[in-house]
Trainee: 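Mind having a look at this structure? Questions to follow.
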Amino acid sequence: MTRETRFGALAADARWQKAWEAANSFATTDSADKPKAYILEMFPYPSGRIHMGHVRNYAMGDVLARFKRMTGHDVLHPMGWDAFGMPAENAAMEKGVHPGNWTRDNIASMRAQLKRLGLAIDWSRELATCEPDYYGQEQALFLDLFAAGLVTRKHSYVNWDPVDMTVLANEQVIDGRGWRSGALVEKKKLSQWFLKITDFADELLEGLGSLDNWPDKVRLMQENWIGKSQGLEFSFRMAGGAPGFDVFTTRPDTLYGASFAAISPDHPLAERLAKDSPELATFIEECRRQGTAAEQIDTAEKMGFDTGLSVEHPLDPNWHLPVWVVNYVLMDYGTGAIFGCPAHDQRDLDFAHKYGLPVHRVIADGDETAQHFTGTEAYTGPGKLVNSHFLDGMTIDEAKTAIIARAEHEEWGKGTTVWRLRDWGVSRQRYWGTPIPFVHCPACGMVPVPKAQLPVVLPEDADFSVPGNPLDRHPTWKHVACPGCGGEAVRETDTLDTFVDSSWYFLRFASAPSDKPFDPEVIRRWLPVDQYIGGIEHAILHLLYARFWTRALNKLGMIDIREPFASLFTQGMVTHETYSRSQGEGLPPLFFTPDEISRNADGATLESDGAPVDVGRVIKMSKSKKNVVDPDAILDQYGADAARWFMLSDSPPERDLPWSEAGIEGAWRFVQRLWRLFGDTENMGDGAEDKGLSRKLHQAIAGVAADVESLGFNKAVAKIHALANDIEKAKPSATRAEACRTLILLVAPMMPHLAEEAWAALPPSQRTTAMVADAAWPIADPALLIDDEVTIAIQMAGKLRDTMTLPKGLDKDAVEAAALARPRIAELLGGAAPKKVIVVPDRLVNIVP
RNA sequence: GCGGACGUGGCGAAAUCGGUAGACGCAGCAGACUUAAAAUCUGCCAUCCUCUGGGUAUGCGGGUUCAAGUCCCGCCGUCCGCACCA
C-alpha cells in the first residue's frame with residue numbers, strides 16, 4: 001500500500017476510535033503494580049451540544065491522561081453527566097418534552113460528539129446523576145449525614161414570584177422582576193433543608209494550607225468566602241435598662257464613634273415592633289421587595305426606619321443611640337444587628353449622610369484628628385485612636401484588645417469569632433432533582449425514609465403546564481404511609497441542589513457498587529483525584545461543597561482522605577470576535593454568526609450582501625452575541641487532531657483562548673506538515689549521527705514532558721514546532737530518521753489519531769507496540785540535555801554591548817578576563833579600569849565603568 | 001458594594017531563580033515553484049535615528065538594584081465570582 005500524501009483526518013479519526021474501543025485501550029486496569037493517576041475534568045451539564053469550552057477542557061485532560069499512560073501509570077479518566085437542573089424543566093415548559101427524555105437525548109448526542117474528539121476515557125464508568133442508581137446512593141449518603149447531625153431544617157428566604165406563585169432562582173430574577181411574569185419579586189420565608197457546612201468552617205479554612213497544588217487565587221477566594229473574623233459580641237440595653245439585643249462588630253475599637261444602632265428588617269425585634277407600627281411593617285415589606293442576591297443587597301440604595309427607641313452606649317449608660325431598622329444589615333451574618341460608626345465604615349457613612357446622623361472621627365488619618373468628620377469617603381486605614389477616652393493614642397489592634405478585655409471584665413460582651421460562611425441551603429422547590437428522602441407525618445413529624453426503601457424515585461408523570469413544583473401538586477406520588485407509624489403521611493417534595501450531585505461524583509467514578517455509594521477499599525486506591533481541571537467559575541461554590549462532603553464523609557469514617565482534589569487547574573474561556581450592525585439609536589445591534597461572515601485582514605463583510613459589518617471585541621462565546629463556533633463543524637472540516645492542537649496552542653491554558661479561523665487552519669497545516677515529516681522515517685542518508693540534532697531531540701523529549709506535566713501545553717506545542725523545524729532543516733542521517741519516529745511519540749498525547757496512523761505506517765521492526773496508545777514515552781539521555789557551549793551577554797552599565805560564546809561552566813575570573821579582552825569592550829572602556837565587574841557564570845557579565 | 005485576577009509587537013504569546021525582552025505560532029510583505037490557482041518552500045517582520053552603530057520600548061507615574069516584564073508604592077483599564085445558573 002502506498003502512503004497517502006495527505007493525512008485523511010476524517011477516516012483516520014473514525015478508524016482509530018474504533019480500534020481503541022475494540023482493544024479496550026483506555027479501560028482502567030486496577031493493577032496495583034503501577035502508580036495510579038486519577039485525571040478528572042469537571043463533568044458537563046447535558047445542555048444539548050458540546051461547545052468549544054468543553055473541547056478545550058477535555059483536550060487538556062486527555063493530553064495529561066494519555067501522557068500518564070505513556071509514562072507507566074494506571075490511569076483513571078472517566079466521564080459522566082451532571083444531569084439534574086433547571087434547563088430541563090424549562091425545556092419541559094417550553095417544548096412540552098419530559099425533562100428526563102430531554103436530558104437523556106442530550107446525553108446521547110453529547111456523548112457522540114465527545115467520542116469524535118478521540119478522548120482516552122474509560123466509558124465503562126460513565127454515570128448520570130439523574131439516574132436512580134446514582135441519586136439513590138446520594139439519598140443514602142444524605143441520610144448518613146442526617147444521622148450524624150449534619151442536616152438541619154431552618155427558615156430562610158427565597159425569591160418569590162407573586163404572579164406565577166413560584167420560587168425563582170437568582171438567575172430568573174431580571175431587574176427585580178420574575179423573568180416570565182414580569183412581576184416584582186418578593187422575598188418569602190420558607191422552612192428548608194440545610195447542610196451544616198459551618199461546622200467545618202475552621203477545617204475548610206485550615207485545609208486550604210495543605211492544597212499546595214491549587215492556584216493561589218482559588219485558595220484566597222475560598223479563604224475570603226469562609227471569611228473568619230474576630231471581633232466583639234455585646235448586648236445593647238434599651239435606654240432605661242431593659243434587655244435589648246446582641247450586636248457583633250469586627251471594629252470594637254471604633255465604639256466611641258458610634259452614632260446609631262441598626263437591626264436587620266428580618267430581626268425578631270423589628271418583626272415584633274412592626275406588629276404595632278403599620279409604618280414599620282410597610283418599611284419591612286419594602287425591604288423584602290428585593291431579590292436575595294448579595295450584589296443587589298449591597299448596591300441597593302441605603303434605606304432606614306427610625307424606630308424611636310434608643311439603646312445605652314455600653315461604655316456610658318447616659319449616652320443614648322437611636323435604633324434604626326436598616327436594609328443593608330443582614331440577618332444571616334453575626335447577630336443581625338450592628339452599631340453604626342459612620343466615620344470609619346462606608347455604608348454607615350452613606351446612611352448617616354442620608355438621615356442626618358452625626359459622624360465622629362475616632363481614628364486619626366495622619367495628622368487629622370478633628371472629631372467632626374467631613375467628606376464622603378469613610379477612613380478605613382491605619383492610625384491612632386482619638387476622641388476615645390481611655391483608648392486615645394492606641395493603635396487599632398491595641399484598642400480592639402483593650403475594649404474586648406474591658407467588655408469581658410465588666411461582663412457586657414465577649415471576644416468572639418464569626419464566619420461569613422453560611423450553612424448550605426440544599427432545598428429546591430423543583431421537580432428535576434434528587435428527591436429528599438423524608439416523609440412528613442402528622443403524628444411522628446419528620447421521618448427519614450428507611451434505607452431499604454431507597455431510592456425514592458422521581459415519578460415519571462409530572463405536569464409542567466403551570467409554574468411551580470410538580471411534585472408538590474402530584475396526585476399520588478407524595479402520599480405515602482409513614483415509615484414510623486404506618487399512618488397517612490406525605491413525602492418531602494423539595495429536591496436537592498444540583499451542587500450536592502457534584503459533591504461526590506468523583507468517588508462514584510472510582511467505585512460504583514450497586515448496593516452502596518462506594519467501596520472504601522477502592523476509594524483508598526484511587527483518591528484523591530491527582531489532577532482536576534475545570535472552569536474558574538467553580539472556584540468557590542462547587543469546589544468548597546466537594547471539599548465539605550469529603551470532610552463530612554471522612555468524619556463519618558467512610559473514607560480516609562480529607563481533601564478530594566490534590567491538584568487543581570482552572571482553565572480560561574474560549575472567546576471569539578463579534579460581528580454586528582447597528583440598527584439605529586436606542587436599538588440593540590444585530591449580531592451575525594462567524595458562518596455568515598467573510599473575514600479578511602482589513603475587516604469583515606456579510607456574505608449575503610457583501611457589505612461590511614462591525615468587528616467587535618473578542619469575548620466569551622455566547623448564543624446572544626452569536627460568536628459561537630460549533631465543534632462538530634470543525635471536526636467535519638479539520639478532524640479531531642487539528643481541533644485539539646489548536647485548543648492547546650498559543651494561549652496559556654489558564655488564560656482565555658481567542659478562537660479564529662486562521663488559527664484552526666494553521667493547526668491543520670501543521671498536522672499535514674507532520675504527516676509529511678513522518679514519511680521520512682526511513683531516509684537515513686549515509687547513516688551517520690547528527691550530534692546537534694540529537695541534542696535538540698533529547699532536549700525536546702525532556703522539555704515537552706516537563707511542560708505537559710505542568711499543564712504548560714502552549715509551551716509544549718512551541719517546543720514541538722521548534723523540533724519539527726530543526727528536523728526539517730537537518731540533512732538526512734540516522735539521527736534524523738530516529739527523530740522523525742520519536743516525534744510521533746511526542747505528539748501522540750495531543751494528536752493521537754495522526755500518531756496512530758504514522759505509527760502504523762512504520763515497519764514493525766521500528767515500533768515497540770502495535771498501537772501508540774500502548775507505547776511508552778521516549779527516554780531522554782541526560783548527557784544530551786546540556787549544551788557544552790553557552791552564549792554570554794556582556795553589558796556595560798546594564799546595557800547590552802556584546803556577546804561571546806564560551807565553554808559551559810567556566811569560572812568567574814576566566815569569564816571576566818574573556819569579557820575584558822573583547823576588542824569592543826576594550827574600546828568602550830578606553831583603557832580605564834572598570835569600577836566594578838559582576839559575573840553571573842554561564843549567563844552574563846555586567847561591567848560598571 | 002464586597003472579593004479575586006489580568007495588562008509584553010498588528011494578534012496569541014515566551015522569558016521556570018532579579019541577569020541578552022519578543023522563542024514558537026497567526027496575520028502581513030517579498031521571492032521561488034506553477035500556464036494559473038491551491039498546496040509547498042525561502043527570506044523579512046517592535047519602533048525611531050545621524051544605521052559596521054545607537055536611542056526608546058513589557059498599561060501609566062514613582063522607587064529599590066550593577067541589573068526590573070519579574071520586587072515595592074500609587075494610579076488607570078479590562079475581565080470573573082457573589083451562596084437558587086451549571
Side-chain angles (χ1 to χ4, degrees), chain A residues 5-6 42 44-45 47 82 84-87 156 158-159 167-173 192 197 215-218 220-221 223-225 227 291-300 328 332 346-347 350 420-430 497-499 502 535-542 544-545 572-573 600-601 617-620 649-652 654-658 660 662-663 665-667 669-670 672-673 676 706-707 710 712 714-715 717-722 724-725 728 791-803 835-838 840 843-848:
Chain A
T5 52
R6 284 177 76 74
M42 291 179 185
Y45 177 77
S47 56
D82 189 11
F84 276 136
M86 239 175 16
S156 74
V158 292
N159 299 308
V167 178
L168 297 178
N170 283 339
E171 191 188 54
Q172 298 171 310
V173 179
Q192 309 209 69
I197 190 171
D216 288 343
K217 63 174 168 182
V218 175
L220 191 57
M221 284 160 89
E223 186 182 324
N224 289 331
W225 185 261
T292 58
E295 187 192 355
Q296 285 180 310
I297 294 165
D298 288 347
T299 53
Y328 65 86
D332 292 325
Q346 191 60 47
R347 289 170 309 173
D350 295 343
R420 210 185 75 97
L421 183 68
R422 308 199 297 258
D423 275 335
W424 173 13
V426 293
S427 281
R428 297 293 181 272
Q429 293 70 41
R430 277 195 262 283
D497 180 5
T498 55
F499 274 124
S502 53
I536 184 69
E537 67 273 18
H538 293 294
I540 296 173
L541 295 180
H542 161 59
L544 191 63
Y545 293 149
M573 295 177 302
N600 57 43
R617 296 190 6 198
V618 179
I619 55 171
K620 179 180 182 173
S649 305
D650 291 355
S651 287
E654 69 279 10
R655 239 184 269 178
D656 289 351
L657 171 73
S660 72
E665 276 170 9
R669 283 198 300 269
F670 188 63
Q672 295 301 339
R673 200 173 137 206
R676 289 191 296 273
D707 287 338
S710 64
N714 57 322
K715 292 189 253 177
V717 163
K719 287 191 174 91
I720 287 170
H721 264 288
N725 290 344
E728 278 178 348
T791 304
I792 292 179
I794 307 174
Q795 298 179 337
M796 289 189 74
K799 295 209 180 287
L800 183 69
R801 286 292 178 259
D802 199 3
T803 59
K835 202 180 287 171
K836 192 174 177 184
V837 179
I838 290 129
V840 183
R843 281 205 174 263
L844 63 62
V845 180
N846 190 11
I847 299 163
V848 185

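Residue numbers start from 1 in every chain, and the chains themselves are labelled A, B, ... in the order their sequence lines are given, proteins ahead of strands. Because the structure is a prediction, the values reported are computed rather than measured.
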Trainee: Identify the nucleotide, in any strand shown, that forms a Watson-Crick or G-U wobble pair with C17(B), with both distances under 3.5 Å; if there is none, say none.
Mentor: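 No nucleotide pairs with C17(B).
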Trainee: Side-chain contact test, heavy atoms from C-beta onward, threshold under 4.5 Å: evaluate it for Val837(A) versus Val848(A) and give yes or no.
Mentor: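 The answer is no, as the side chains (C-beta and beyond) never meet within the 4.5 Å cut-off.
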Trainee: Does the side chain of Arg673(A) come under 3.5 Å of the side chain of Asn725(A) through a donor N or O and an acceptor N or O?
Mentor: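 Yes, a side-chain donor-acceptor pair sits under 3.5 Å.
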Trainee: If you apply the rule side chain to side chain contact (heavy atoms under 4.5 Å, CB included), what do you find for Leu844(A) with Ile794(A), and how did you get there?
Mentor: CA-CA 6 Å; Leu844(A) 63 62; Ile794(A) 307 174; over 6 Å; no
Trainee: Expressed as a whole number of Å, how far does the P atom of U34(B) sit from that of C29(B)?
Mentor: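 That atom pair is separated by 23 Å.
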Trainee: Rounded to the nearest Å, what distance is computed from the CD1 atom of residue Ile794(A) to the P atom of nucleotide C66(B)?
Mentor: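 The distance from CD1 of Ile794(A) to P of C66(B) comes to 21 Å, rounded to the nearest Å.
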Trainee: Which whole-number value in Å describes the distance from Arg843(A) CZ to A15(B) P?
Mentor: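 Distance, rounded to whole Å: 12 Å.
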Trainee: Taking only the C1' atom of each, what is the distance from C6(B) to C60(B) in whole angstrom?
Mentor: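 Approximately 16 Å lies between the C1' atom of C6(B) and that of C60(B).
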Trainee: Measuring only the C1' atom in each nucleotide, how far is G22(B) from C11(B)? A whole number of Å is fine.
Mentor: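 Roughly 13 Å separates the two C1' atoms.
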Trainee: Would you mind classifying the nucleic acid contact of Leu220(A) as base, sugar-phosphate or nothing, using non-hydrogen atoms under 4.0 angstrom?
Mentor: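 Answer is sugar-phosphate: Leu220(A) comes under 4.0 Å of backbone atoms only.
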Trainee: Return no unless some side-chain N or O of Lys799(A) is found under 4.0 Å from OP1 or OP2 of U56(B).
Mentor: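 Answer is yes, contact under 4.0 Å.
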Trainee: When rounded to the nearest Å, what value does the distance between P atoms of C24(B) and C41(B) take?
Mentor: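 Here C24(B) and C41(B) have their P atoms 15 Å from each other.
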Trainee: Distance between the P atoms of C26(B) and A13(B), in whole angstroms?
Mentor: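 One P to the other, the span is 16 Å.
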Trainee: What is the distance, rounded to the nearest whole Å, between atom CZ of Phe499(A) and atom P of C84(B)?
Mentor: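 Value for this atom pair: 8 Å.
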Trainee: Over all strands shown, is Ala662(A) touching base, sugar-phosphate only, or nothing at heavy-atom distances under 4.0 angstrom?
Mentor: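 The answer is sugar-phosphate, as Ala662(A) gets under 4.0 Å only of primed atoms, P, OP1 or OP2.
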Trainee: State whether Arg428(A) places a side-chain N or O below 4.0 Å from either non-bridging phosphate oxygen (OP1 or OP2) of A83(B).
Mentor: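 False: Arg428(A) side-chain N/O out of range (4.0 Å or more) of A83(B) OP1/OP2.
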Trainee: Once you apply a heavy-atom cut-off of 4.0 Å, does Asn846(A) come out as touching a base, just sugar-phosphate, or nothing?
Mentor: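 Asn846(A): base contact, heavy atoms under 4.0 Å.
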Trainee: Please determine whether a side-chain nitrogen or oxygen atom of Lys715(A) lies at a distance below 4.0 Å from atom OP1 or OP2 of A15(B).
Mentor: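 Answer yes for this pair, as a side-chain N or O of Lys715(A) is under 4.0 Å from OP1 or OP2.
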Trainee: Using the C1' atoms only, state how far C45(B) lies from G62(B), rounded to an integer number of Å.
Mentor: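 Between the two C1' atoms, the distance is 35 Å.
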Trainee: Grab the CZ-C1' distance between Arg617(A) and G7(B) for me, whole Å please.
Mentor: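 Atom-to-atom, Arg617(A) to G7(B), this comes out as 13 Å.
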